[in-house]
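Here's the structure, in structure tokens; my notes come after.
In what follows, every heavy atom counts, from backbone to side chain, and hydrogens, waters and symmetry copies are set aside. Position 1 is the first residue of the sequence, and the numbers go up from there.
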Amino acid sequence: MAKPQTRCHSFSKSRTRTQSSGETTEAKGAEKRKLSQKGRTLPLQLSMGGHLSPWPTYTSGQTILHKRKPCSEDYRKRANSWQQQPLGMSKPRYLEQLENHLRKELLLLDLGTDSAQELRLQPYREIFEFFIEDFKTYKPLLSSIKNAYEVMLAHQREKIRALEPLKAKIVTMNEDCSERILAMRAEEKYEISLLKKEKMNLLKLIDKKNEEKISLQSEVKKLRKSLAEEYLRYLTERDARKILIGDLNELRYQREDMSLAQSPGVWGEDPVKLTLALKMTRQDLTRTQMELNTMKANFGDVVPRRDFERQEKTNMELQEQLESLRADYEEVRKEHELLLQLHMSTLKERDQFHSELQEIQRTSTPRPDWTKCESIIPGGPERWLMLAEGKNSDQLVDVLLEEIGSGLLREKDFFDGLGFGESVPAFLRFDGPVENKKPSKKEVVTLLEDAWKERLAEEQREPFQDFFFNFLERRFGINDAIAWAYTIYENIKLFHSSEIMSQFYAVLMGKRMESVYINQREMLSHLLKEMTNADTQNEGLITMEQFSTILKNTFPLKKEEQIQELMEAAGWGPDSSSTEVFNYGLLFTEDAEGQSEPFVQKLWEQYENEKETYLQELKQELGIDLADEVNLLKMRVALMSIDPSLDKQTLSTYLSQAFQLPVAELPLEDDEKQEEIVVKLETALEQLKMADTKRVGPREPEPAS
């Protein structure tokens, strides 16, 4: 190795002399020392000034290390002095021995294996160790240099070993992606070929239909022409027939006049006259026969008056019997529908009791000790008692899961991006870690309320997911919008008990139309306005009697039991008086976390139950299974049957939602295309459940007073 000769040191003159004398002594001892391996003696050549020999800087022999640059003025001075010396200096014997040893070791290596580079370093490592052992003065420095390189090589080796599985995984993923791309392309080519064939078949079918249409039109023209000719011929024949009948009548009258003018005795005397009379009589007989035939032809279908009156009387009696039977049938039908409704309510109660029984059987043994949660829930026993008030075991489980989930959500610093797939919602399409903003529940509720306010004030409605992301960009900036989108999505997905969060989540994920929320808010505003109008003193108080009247007027289709439930949710009890007053404004308030009062919650619960009942009646009216298909005509008839008060606009809206067609593209009531538009009943009911579907009027119209 030539490393000592290329190193540049900045020593003082006194230190140089001291080190030179020490190195000279060590060099002489090194010449007598044998190598620990291979049994070789490697002498050390020193320069005239006590420094290491600058060879091979000024010789033309082979070198081991290259591209070394001087780094001090002292080296340059010595180099200038060495350049003035003769160029016939021989290579040091120790260097030659090291080079020969390195060359032989390299020739003995098998460089065809995967670890060739590792094996190639071993001879260099041995030469460097010989060098360190022979130069005691530089041994610490050279050992530290060697150790540093060894550590770095070990680190790089471990890093390469760690990256090898990733390389194999990348190769495997690349092959899988290539296979998928080829499969998708093949599938697309196959689909394109099928579509082209279908297109050609349809074009041929259209040409065939056009030809049939043209042939039918020509045939219609021919038939119209022949019909006109036949009509003209029959018209001419009718006129000729009338003229002939008139001429025959005229001849008869003339004959009668002639017979009356002649004497009866003449006929017996003159044979010629008798012959003429016989001829005329025969003509009269022929004419009479023709008249008789005409009368039979014209009045063959006419019945006698007495038969007509008798049949008319029988018809009146049968009509009265029919009206009586219709009245009886209508009464029986009403009773049957009442029994069906009673049967449906009984089935519903049975299913409810059955589910409650199963739930009780599942949760009753053993009954959980909910007091154990007091020490786990943040806020202690007081907050747990507030959360658990009025809730059953199932609801308490939901509360506990929300509390646990909120704790885990606060501990999470980053979310994993869902990528850019088609199944990922538009506002969540991001790849990589996303920061968790960790807002409080109150902050999330406030943000959702602001989003609804901005949505209601929006003039041009864009898709709700796009609006939500644009709202976050306007609120927090482009850089933080995706982080807030993931944060709010995780929060509203977790808190099912929060009314505003669950409704916003349903609208955001397309499980419910936003018109449901908007109409519900408008209904609450209208109800509050009615109560305000009833408050003539402007004190914020109304009586229970006024409250009951307002509920019945606002919800005319609700049963008495439902009105009673709403009054109980508002605070009315068995001991309450109808003249008792209460603050109606408290019914519409919300707490800091967006939770409504029991009255509003009961309204929403009744709305969901009424919608479920309405759709169940529609299914029973259709009389088919959920997997069967229903056409638009049957759906229209069924809706009008269960809800006769439906106006055309509302009916078109329901049909448009059920069949996912624009209202303008719906066929008319008498259009035969209604039977061609079909959809699965399960899909239609799910679409109607997403929308604001409700009963417009009673199933049976009220009788007129």
Check your understanding: Judged by atom type as modelled, is there a donor-acceptor pair below 3.5 Å linking the side chain of Asn631 to the main-chain atoms of Gln674?
Key -> no
Point to revise | Glu617 and Lys348 ion-paired at < 4.0 Å | key: no
Check your understanding: Lys453 and Glu449: salt bridge (Lys or Arg N to Asp or Glu O under 4.0 Å), yes or no, with the steps?
Key -> CA-CA 6 Å; Lys453 291 178 182 178; Glu449 291 176 348; 5.5 Å; no
Point to revise | Lys689 atom NZ: more than 12 heavy-atom contacts under 6.0 Å | key: no
Check your understanding: Do Glu499 and Val600 come within less than 4.5 Å of each other through their side chains, counting heavy atoms only?
Key -> yes
Review point. Centres of the Phe547 and Phe582 rings: under 6.0 Å?
Key: yes
**Study point:** Any side-chain heavy-atom pair of Glu665 and Phe659 under 4.5 Å
**Key:** no
**Study point:** Heavy-atom side-chain contact between Glu568 and Gln564 under 4.5 Å
**Key:** yes
Check your understanding: Does a sphere of radius 6.0 Å around CD1 in Ile478 hold more than 12 heavy atoms from other residues, nucleotides or ligands, not counting ones at 6.0 Å or beyond?
Key -> no
Practice item. Kindly determine whether Glu522 and His526 satisfy side chain to side chain donor-acceptor pair (under 3.5 Å), including the steps that lead there. Key: CA-CA 6 Å; Glu522 291 177 353; His526 174 71; over 6 Å; no
Point to revise | Donor-acceptor pair, side chain of Gln562 and main chain of Lys559, under 3.5 angstrom | key: yes
Practice item. Check step by step if salt bridge (Lys or Arg N to Asp or Glu O under 4.0 Å) holds for Glu330 and Arg333. Key: CA-CA 5 Å; Glu330 191 67 24; Arg333 188 178 66 83; 2.4 Å; yes
Check your understanding: With under 30° as parallel and over 60° as perpendicular, where do the rings of Trp484 and Phe476 fit, or are they tilted in between?
Key -> parallel
Exercise for review: Spell out, as yes or no, whether a donor-acceptor pair under 3.5 Å connects the side chain of Ser596 to the backbone of Glu590.
Suggested key: no
Check your understanding: Got a donor-acceptor contact below 3.5 angstrom from the Ser548 side chain to the Met544 backbone?
Key -> no
**Study point:** Expected output: side-chain Arg636 to main-chain Leu651 donor-acceptor under 3.5 Å
**Key:** no
Revision key, fill the gap. Rounded to the nearest 0.5 Å, the OG atom of Ser440 sits from the CG atom of Asn491 at a distance of 9.0 Å
Study note, to complete from the structure: Hits for ring-ring contact (aromatic ring centres under 6.0 Å, His included) against Phe468, two or more places apart or cross-chain, chain-then-number order -> Phe427, Phe504
Check your understanding: Would Asn436 and Glu490 satisfy side chain to side chain donor-acceptor pair (under 3.5 Å), going step by step from the backbone distance to the final call?
Key -> CA-CA 10 Å; Asn436 182 9; Glu490 293 294 336; over 6 Å; no
Exercise for review: Using a strict cut-off of less than 4.0 Å between a Lys/Arg side-chain nitrogen and an Asp/Glu carboxylate oxygen, indicate whether Glu211 and Lys208 qualify as a salt bridge.
Suggested key: no
Check your understanding: Do Phe467 and Trp452 pass the ring-ring contact (aromatic ring centres under 6.0 Å, His included) test, and can you show the C-alpha distance, the side-chain angles, and the key distance before you say yes or no?
Key -> CA-CA 10 Å; Phe467 156 76; Trp452 274 121; 8.2 Å; no
Review point. Would a distance-only check, ignoring hydrogens and angles, find a side-chain to backbone donor-acceptor pair under 3.5 Å from Tyr486 to Leu428?
Key: yes
Check your understanding: So with a 6.0 Å cut-off around CZ of Phe420, is the heavy-atom count from everything else above 12?
Key -> yes
Check your understanding: Any salt bridge between Glu323 and Arg326, counting N to O under 4.0 Å?
Key -> yes
Review point. Quick one: CG on Asp692 to OH on Tyr517, what's the gap to the nearest 0.5 Å?
Key: 14.0 Å
**Study point:** Check against salt bridge (Lys or Arg N to Asp or Glu O under 4.0 Å), Glu675 and Lys634
**Key:** CA-CA 8 Å; Glu675 299 181 0; Lys634 291 184 179 179; over 6 Å; no
Revision key, fill the gap. So OG1 of Thr693 and CD of Gln657: to nearest 0.5 Å the spacing works out to 7.0 Å
Exercise for review: For atom CD of Gln649, decide whether the heavy atoms of other residues, nucleotides or ligands shown that lie under 6.0 angstrom number more than 12.
Suggested key: no
